[in-house]
Peer 1: 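The structure is given below, and queries will be raised subsequently.
Per chain, numbering begins at 1; letters A, B, ... match sequence-line order. What you see is a predicted model, and the numbers here were worked out from it, not measured in a lab.
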Protein chains: 2
Amino acid sequence: MGTVQSVDRALQILEILARDGERGVTEIAGQLDVHKSTVSRLIDSLAERDLVEQNESRGKYRLGVGILRLAGATTARLDVVQEARSLSRSLAAATGETVNLAVLSEGAALYVDQVEATSAVQSHNWVGQRIPLHATSNGKVLLAGMSDDEVRAVLAGELPAYTTRTVTDVGEVVAQLAGVRHDGYVVVVDELEHGLSAVAAPVRNIHGDVIASMSVSGPTFRFTAELVDRAGAELVRCALEVSRRLGWRDLT
Amino acid sequence: MGTVQSVDRALQILEILARDGERGVTEIAGQLDVHKSTVSRLIDSLAERDLVEQNESRGKYRLGVGILRLAGATTARLDVVQEARSLSRSLAAATGETVNLAVLSEGAALYVDQVEATSAVQSHNWVGQRIPLHATSNGKVLLAGMSDDEVRAVLAGELPAYTTRTVTDVGEVVAQLAGVRHDGYVVVVDELEHGLSAVAAPVRNIHGDVIASMSVSGPTFRFTAELVDRAGAELVRCALEVSRRLGWRDLT
DNA sequence: GCAAGTAGTTGCATAATAAGCAACAACTAG
DNA sequence: CTAGTTGTTGCTTATTATGCAACTACTTGC
C-alpha cells in the first residue's frame, strides 16, 4: 500500500521537534531536503490544530499542546492502562515507590503510565519517554516476551553503557532473559542510572503474549533484599491481576 | 498563509479517532467527504509512525502509542510543567490530595500534569483531558485571566449542567470571576461531579498573563473549611513560586 | 546608524502527487 | 451458499503541493 508524501513530511516535522525541542523553518527544510516554503505550509497545517507552536513571532517552532489532547485520548483508550490503574496505585502505596507501565514501541520501552508514592524520591515523569530495553527492568521483561532471535534482531548494534553496571554484551542479556522467563520478574540495579533500581514483571494479553511490563522503581539504597522480596511478590501479583483482567488465564 | 489539504485531512482523522475511539475507513471517509481509498492512504502514513493502529486485520482503526512519544516530548518541554513539578509533588504530599496543572486550549481546560498523594481517593488520570471551564476551579481561574468580553465569547451558548450545583448562567459565572481575580484563588464544590471539590490558583508568565492554573482537588467530604484554608494558602504560595520561576514579578 | 545577511512568509506557475475509480480479496450477515 | 460490505491497490488524471522569486522583518557586524 502507499502512503501520502506530504503527510509523511508533516509527521517527520513532528518527530524532529520531539527529538530536538525546537527548530526553525530553514533548519527543518534542510533536514527534510525540501524548500523552506514547503515546511512553512506544512507547519501551518500542524499549527492550526495546536500540534506545533511558534516561540515568538517569526521564531522557532516546537511541539504544541494539541499533542497532549490526542495523547489523553490515547491513554484513556489503552486497555492496559485502564485496567492497571487502580492496581498501580495500590502498589505504589504499598511499596512507597514509583510504579510504571511500559509497552514495546520501536525497539524501546515506551512508558505509558506512572504512579508515584508521595514518599518517592524522584519526580521525573517517565510517561511518553522511550527508554532503552537492555538497561532497564521493564525493558528486560519486554525482551523476555520475545524469542532469542527476535531479541538479537532488536538489540542489533553496540549496546550503550549508561553506567559501569550496564550489561552491554548481547549474549549476556539473552542469558539473563532466560532467568526472567523462569522467575517471572527481574531486578535491575544501577544499569540505567547509578542509584536507580527497579523490579518488573510482565503483563499478558488473552493469548499470553507480553504486551506491557509493570515495574516498581526507586533509589538503590532503599532497594534492600527485603524490599525486593516484598515488592517483587506484590508486583507479580498485581501484574497477574492486570493480565487476568485482560483475559489471560494461567492454567498451571 | 496556506495550509496543506492532505495534512489537514490526516489530522482530522486523528481528531475523529480521539473523539470516537475507533472508526473504520468507510466511516471516516463519510465524515471527511472523501473517497475511502483516500482515507486508506492517509491512515497508512499515520500508521507507519504508530499514530494510529488497526484493531485487527481489516478492522477498525484507533489512535496508537506513537502519540504518547510525541506527548512525552511535549510535556518534557513545557516550561510550566517542568517548573511546577516539584512544587506539585510537595503540595500533594502536604495536602494528601491530587494536584493538577491545566492550560487553556480551544475553549476548555487541558490538563497537562497531575500528581496524586497516595492517600488520594480518585485514580482518574486527567492529563490530556479537556474539561469544561465553567464547572471547574481550574477553568474559572483560566477564565479569570481573560476580560469579561473574552469570557462571554468563550462561554457562548448554553452551559451544560453536570450536577445540580453547576453554575450555568453566564452572568453568574462572570460575577464569580470578579471574586476569583480579587481573592487570587477559587473554590468549586460539586459542580463537575457530585462529591468532587477543588481549589485553584493562577500561574502567570513574565508578563503577568495567566498561562496555567494549578489546583488541589479531592472528595467534598474531605474539603472542610480548615482544609480549604490550609490547602488554599499553600496552593497560592506554590502557584506564585511557579510564576516567579517563569519570570513573573509581583511588585505589590 | 546603516548595510548586508538571514529567516519566515506568500503569490504564482507548473511539476508532481493525491485522489477517485474500478476491481479485487476478505469478511460478515442472512 | 449468496449477497452485501469493508478495506486495499493499480492506474489515470484532476488537483494540489511544491519550488521559485520577491517580499517583510529581524539580526549581526562594522
Peer 1: What integer distance in Å separates A/Lys60:NZ from C/dG8:C1'?
Peer 2: 12 Å
Peer 1: Assess the side chains of A/Ser105 and A/Arg130: does a donor N or O sit below 3.5 Å from an acceptor N or O?
Peer 2: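 Side chains of A/Ser105 and A/Arg130: no pair found under 3.5 Å.
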Peer 1: Which pairs would a plain distance check flag for residues 13-20 of chain A, meaning a side-chain donor or acceptor within less than 3.5 Å of a matching protein atom at least two apart in sequence or in another chain?
Peer 2:
unit_1  : atom_1 : unit_2  : atom_2 : d
A/Glu15 : OE2    : B/Arg49 : NE     : 3.3
A/Arg19 : NH2    : A/Gln31 : OE1    : 2.7
A/Asp20 : OD2    : A/Arg23 : NE     : 3.2

Peer 1: Can you list the residues that meet the salt bridge (charged side-chain N to carboxylate O under 4.0 Å, His left out) rule with B/Glu48, with sequence neighbours excluded?
Peer 2: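 Listed in chain order: nothing, the list is empty.
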Peer 1: Tell me which of A/Val7 and A/Thr38 sits closer to the 5' end of DNA chain C, going by the nucleotide each one is nearest to.
Peer 2: A/Thr38
Peer 1: According to side-chain hydrogen bond (donor to acceptor under 3.5 Å, both in side chains), who are the partners of A/Asp8, at least two apart in sequence or on a separate chain?
Peer 2: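 Listed in chain order: A/Thr3, B/Ser45.
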Peer 1: Do the charged groups of B/Arg85 and B/Glu241 touch, with an N to O distance under 4.0 Å?
Peer 2: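 No, this pair does not count.
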Peer 1: Partners of A/His182 by side-chain contact (heavy atoms from CB on, under 4.5 Å), sequence neighbours excluded?
Peer 2: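 A/His182 satisfies side-chain contact (heavy atoms from CB on, under 4.5 Å) with no other residue.
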Peer 1: Phosphate oxygens OP1/OP2 of D/dG7: is one of them under 4.0 Å from a side-chain N or O of B/Ser40?
Peer 2: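 B/Ser40 to D/dG7 OP1/OP2: no side-chain N or O under 4.0 Å.
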Peer 1: Could you write nucleotides 22-30 of chain C as a row of B, S and -, 5' to 3', where a protein heavy atom under 4.0 Å of any base atom gives B, of only sugar-phosphate atoms gives S, and otherwise -?
Peer 2: ---BS----
Peer 1: Report the end-to-end axis angle of the helix from C/dG1-D/dC30 to C/dG30-D/dC1; each axis comes from five terminal pairs, and the value is rounded to 10°.
Peer 2: 60°
Peer 1: Can you sort out the partners of B/Arg237 under side-chain hydrogen bond (donor to acceptor under 3.5 Å, both in side chains), two or more places apart, ordered by chain and number?
Peer 2: B/Glu234
Peer 1: Below the 4.0 Å mark, does D/dT8 have OP1 or OP2 next to a side-chain nitrogen or oxygen of B/Gln54?
Peer 2: yes
Peer 1: To the nearest angstrom, how far is B/Leu42 atom CG from D/dA17 atom P?
Peer 2: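 Rounded to the whole Å, the gap is 11 Å.
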Peer 1: If the condition is salt bridge (charged side-chain N to carboxylate O under 4.0 Å, His left out), which residues does A/Arg244 pass it with, not counting sequence neighbours?
Peer 2: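 For A/Arg244, no residue satisfies salt bridge (charged side-chain N to carboxylate O under 4.0 Å, His left out) once neighbours in sequence are set aside.
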Peer 1: So if I take residues 17-27 of chain B and measure heavy-atom distances to DNA chain C, which residues fall below 4.0 Å?
Peer 2: none
Peer 1: Under a 4.0 Å N-O cut-off, is there an ion pair linking A/Asp209 with A/Arg204?
Peer 2: no
Peer 1: Among residues at least two apart in sequence or on other chains, which ones pass salt bridge (charged side-chain N to carboxylate O under 4.0 Å, His left out) with A/Glu53?
Peer 2: A/Arg62
Peer 1: Who are the side-chain contact (heavy atoms from CB on, under 4.5 Å) partners of B/Ala161, not counting sequence neighbours?
Peer 2: B/Thr166, B/Thr168
Peer 1: For the side chain of B/Arg9, starting at C-beta, report the closest nucleotide among C/dA19, D/dG7, D/dT18.
Peer 2: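 The answer is C/dA19.
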Peer 1: Could you please name the option among C/dT17, C/dA19, D/dG7 that lies closest to any side-chain atom of B/Tyr61?
Peer 2: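 Of the candidates, D/dG7 comes closest.
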Peer 1: Which whole-number value in Å describes the distance from A/Asn55 CG to D/dC26 C1'?
Peer 2: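 Interatomic distance, CG of A/Asn55 to C1' of D/dC26: 15 Å.
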Peer 1: If you only use heavy atoms from C-beta on, which nucleotide in D/dG7, D/dA17, C/dG11 is closest to the side chain of A/Arg41?
Peer 2: C/dG11
Peer 1: Tell me the interatomic distance from B/Gln5, atom CD, to C/dA16, atom C1', rounded to whole angstroms.
Peer 2: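 It is 15 Å, rounded to the nearest whole Å.
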Peer 1: Can you name the residues that form a salt bridge (charged side-chain N to carboxylate O under 4.0 Å, His left out) with A/Asp79, not counting sequence neighbours?
Peer 2: none
Peer 1: Once you round it to whole Å, what is the distance between C1' of C/dA18 and CG of A/Asp8?
Peer 2: 12 Å
Peer 1: Please report, rounded to the nearest Å, how far the C1' atom of C/dT9 is from the CD1 atom of A/Ile43.
Peer 2: 12 Å
